[in-house]
There are 2 protein chains.
Amino acid sequence: MAGRGVTIADVAARAGVAASTVSYVLSGKRSISPETADRVMAAVADLGYHPHAGARSLASRRAGVVAMMFPIRDGMHLPVLMQFAAGAVAEARRHDQDVLLMTADEGPAGLARVAASAMVDGLILMDVEVRDPRVETLRRLGLPNVLIGFPADSEGLTCVDLDFTAAGRVCADYLAERGCGEIALLGAAEAVYERRTGFAERVREGFLSRPGLRAEVQPCPNYPTEVQRTVKELLAARPELTGLAVHNEPAVGHVMHALADAGKRVGEDFHVVVIGPDEVAERVHPQLPSVLVPAETLAQTAVRHLMRKLDGRDVPDSTLIEPQLTLR
Amino acid sequence: MAGRGVTIADVAARAGVAASTVSYVLSGKRSISPETADRVMAAVADLGYHPHAGARSLASRRAGVVAMMFPIRDGMHLPVLMQFAAGAVAEARRHDQDVLLMTADEGPAGLARVAASAMVDGLILMDVEVRDPRVETLRRLGLPNVLIGFPADSEGLTCVDLDFTAAGRVCADYLAERGCGEIALLGAAEAVYERRTGFAERVREGFLSRPGLRAEVQPCPNYPTEVQRTVKELLAARPELTGLAVHNEPAVGHVMHALADAGKRVGEDFHVVVIGPDEVAERVHPQLPSVLVPAETLAQTAVRHLMRKLDGRDVPDSTLIEPQLTLR
DNA sequence: TCCGTCCGTCGAAGCGCTTCGATGATCAGG
DNA sequence: CCTGATCATCGAAGCGCTTCGACGGACGGA
């Protein structure tokens with residue numbers, strides 16, 4: 001039976017050993033004879049024992065919890081965030097950790113609070129901005145942490161991200177190879193750029209970095225009619241445009257529509273490449289090549305790095321995941 | 001300065017009082033003279049003191065954390081979930097609680113674990129299914145909890161939800177009033193129905209409940225081309241169809257397109273109503289009437305109810321939020 | 001003036017766990 | 001057969017907090 005209030009003493013009594021022995025069996029920090037260990041484990045199972053998290057954290061100075069601070073803000077691409085959350089929780093559980101959910105509006109003070117109260121052993125910060133006020137706090141706090149994204153000065157921090165610069169470049173390259181001389185990047189909503197979100201800036205840089213192409217970046221809202229309008233205006237303003245990279249997940253279907261309406265034949269006289277989930281690129285007609293934002297992998301990597309740091313092992317300062325272009 | 005390792009004893013020393021006095025000042029559980037209280041608060045601020053969460057939970061048997069179990073599953077409508085999460089975290093913080101993030105794949109065992117380890121004081125379960133294995137566990141556990149959604153037997157549980165049955169009915173009514181005799185509900189992905197998610201079933205029921213209408217429910221995938229195909233097939237199969245309710249957020253834009261392609265003039269010879277966020281209904285052309293799924297309100301209500309339960313106050317067993325049709 | 005209250009504060013116990021040092025028991029080597 | 005090392009286990013201390021009972025002083029009523 002599961003039990004409320006089953007303590008280590010109960011387990012110890014039932015197994016006929018001292019409480020400390022139970023603790024050692026469970027943590028493996030001292031060698032225990034197999035017979036004793038078996039008896040203890042049986043008692044644990046019988047009683048449905050789970051150590052009291054507070055007591056454990058008090059005694060061991062380890063909470064078994066990591067905090068993730070999520071950006072819940074304008075223009076953020078929600079599905080990707082959920083993938084992220086799911087990946088992070090799954091990986092954390094594999095390391096026997098739980099995840100505390102924080103939102104970016106708690107800001108630096110929120111970080112200070114969870115750190116000072118020893119609620120969590122480590123922190124993962126998502127959607128880091130180029131100048132992010134939380135980063136300085138993080139440095140002072142000295143709590144092990146991992147950032148998803150790169151702030152302007154990432155010296156001494158552990159950062160993980162897709163190499164968005166490369167992703168932008170890959171898209172430009174793809175379009176160039178298809179013979180496009182004039183191309184555009186249809187990006188996230190304006191707000192994302194204004195906020196100076198790292199990934200948006202990097203994609204732009206990468207996209208514009210290829211010499212010999214006329215390229216521009218066009219922010220784009222997330223709603224059907226506005227996507228259509230944006231595309232229409234873009235085509236009107238740039239009649240020579242023959243290549244488009246779309247880094248705005250919900251827009252993709254509508255972009256395809258607008259292109260069709262404008263008489264562009266995608267894959268023939270016009271080329272489109274997507275930065276986003278595979279499904280988005282697969283489930284339009286015609287299917288599009290795409291660069292995946294590997295949210296789950298990023299989340300996993302971030303959590304793993306954090307776990308290594310918690311164990312005092314070292315991790316690379318920056319991990320940039322190479323973008324993969326999938327042709328379809 | 002923020003401080004690692006600032007304890008209540010440090011605060012007490014600096015304020016020249018006993019540790020217990022500090023505790024009473026902070027909790028307000030005994031009366032303390034204003035002068036003493038001021039001195040204590042000053043010391044707290046100076047030292048950047050935050051109580052050690054583990055110690056507090058051990059001594060007071062209150063963790064200051066609630067768990068939310070999220071459905072991260074096929075066909076779930078992600079943006080709504082994020083609104084939910086954001087609303088819940090914000091409200092929880094207002095009550096000085098933190099939120100532990102769990103995913104539905106942890107299942108009943110996960111609930112048992114967090115309960116037994118006294119990690120959390122309460123639980124919020126989202127996306128409850130008609131027959132949900134977690135519900136039985138929840139009953140046994142005796143941890144205060146609130147469900148978002150209604151299981152088949154909600155006896156003795158606290159459940160909160162939009163009245164989806166009414167929402168379905170409101171949509172059917174709207175279409176009927178516009179003179180539609182044959183209508184359809186374009187719903188979530190098939191998987192959501194198969195899983196017997198409560199809200200999907202209820203919308204269906206409500207939608208089909210109005211007498212004198214030929215009505216049917218059509219599950220619909222979330223991707224552009226499939227949405228188009230589904231709509232096209234539906235129109236072909238039901239030439240008399242003149243009204244459509246769409247309960248599938250990302251599909252709305254594509255539905256509108258497919259209708260336009262089929263020569264339907266929405267608002268004139270054909271009517272569409274949306275169940276979903278305002279933006280989705282506003283940002284298509286023409287703007288559509290819609291029933292809002294008030295994710296943030298639901299989350300807030302759920303958290304508030306949970307807080308009341310934690311305080312031993314009582315709460316209504318079931319809270320059904322009345323759907324509002326917004327005409328545009 | 002004395003006693004009973006009440007208020008503000010203190011000290012100590014104890015929440016359930018981990019961890020350190022100590023203790024027997026066992027065993028190999030001389 | 002004794003010594004020293006090694007192994008398995010135990011007991012006690014202590015993590016930082018809350019809470020209970022106690023206590024001294026102020027104050028009001030008789």
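All heavy atoms count here, side chains included; hydrogens, waters and symmetry mates do not.
- Taking atom CG of Asp10(B) as the reference point, atom P of dC15(D) lies 12 Å away to the nearest angstrom.
- Close to dT18(D), at under 4.0 Å from its OP1 or OP2, lies a side-chain N or O of Ser23(B).
- Side-chain N/O atoms of Ser31(B) and base N/O atoms of dG8(C) include no donor-acceptor pair closer than 3.5 Å.
- Separating the CZ atom of Arg39(A) from the C1' atom of dA8(D) is a distance of 12 Å, rounded to the nearest angstrom.
- A straight line from CG of Leu26(A) to P of dG16(C) spans 16 Å, rounded to a whole angstrom.
- The existence of a salt bridge linking Asp314(B) and Arg308(B) is excluded, since no basic side-chain nitrogen approaches an acidic carboxylate oxygen closer than 4.0 Å.
- OP1 or OP2 of dC17(D) lies within a sub-4.0 Å distance of a side-chain N or O belonging to Tyr49(B).
- Both Ser60(B) and Ser60(A) lie close to DNA chain D; mapped to their nearest nucleotides by heavy-atom distance, the more 5′-ward contact belongs to Ser60(A).
- A donor-acceptor contact under 3.5 Å links the side chain of Arg30(B) to the base of dG21(D).
- Within 3.5 Å, a donor on the side chain of Tyr24(B) pairs with an acceptor on the base of dC20(D), or the reverse.
- Comparing atom distances between the Ala18(B) side chain and each of dC10(C), dC10(D), dG16(C) picks out dC10(C) as nearest.
- Of the candidate nucleotides dG16(D), dC17(C), dC10(D), dC10(D) has the atom nearest to the side chain of Val17(A).
- Following rounding to the nearest Å, His52(B) (NE2) and dC15(C) (P) show an atom-to-atom distance of 18 Å.
- Rounded to an integer number of Å, the gap from CG of Leu58(A) to C1' of dT18(C) is 10 Å.
- Atom pair Ile8(B):CD1 and dG14(D):C1' shows a separation of 17 Å (rounding to whole Å applied).
- Base engagement by Ser20(A) is indicated by at least one non-hydrogen atom pair under 4.0 Å involving a base atom.
- In plain terms, the two heavy atoms of Ala118(B) and Ala63(B) that are nearest each other are O-CB, 3.8 Å.
- Rounded to whole Å, atom P of dG16(C) lies 17 Å from atom CE of Met119(B).
- Checking the phosphate oxygens (OP1, OP2) of dT9(C), a side-chain nitrogen or oxygen of Ser33(B) falls inside 4.0 Å.
- In this structure, Ala116(A) and His50(B) approach most closely via the heavy-atom pair CB-CD2, 3.5 Å.
- Whole-Å rounding puts the Arg56(B) CZ to dC17(C) P distance at 20 Å.
- Salt bridge annotation for Arg94(A)-Glu91(A): present, with a cationic side-chain nitrogen under 4.0 angstrom from a carboxylate oxygen.
- Contact annotation: Lys29(B) does not reach the phosphate of dT18(D) (side-chain N/O to OP1 or OP2, under 4.0 Å).
- Between the side chains of Ser20(B) and Ser23(B), no donor-acceptor pair is found at a separation under 3.5 Å.
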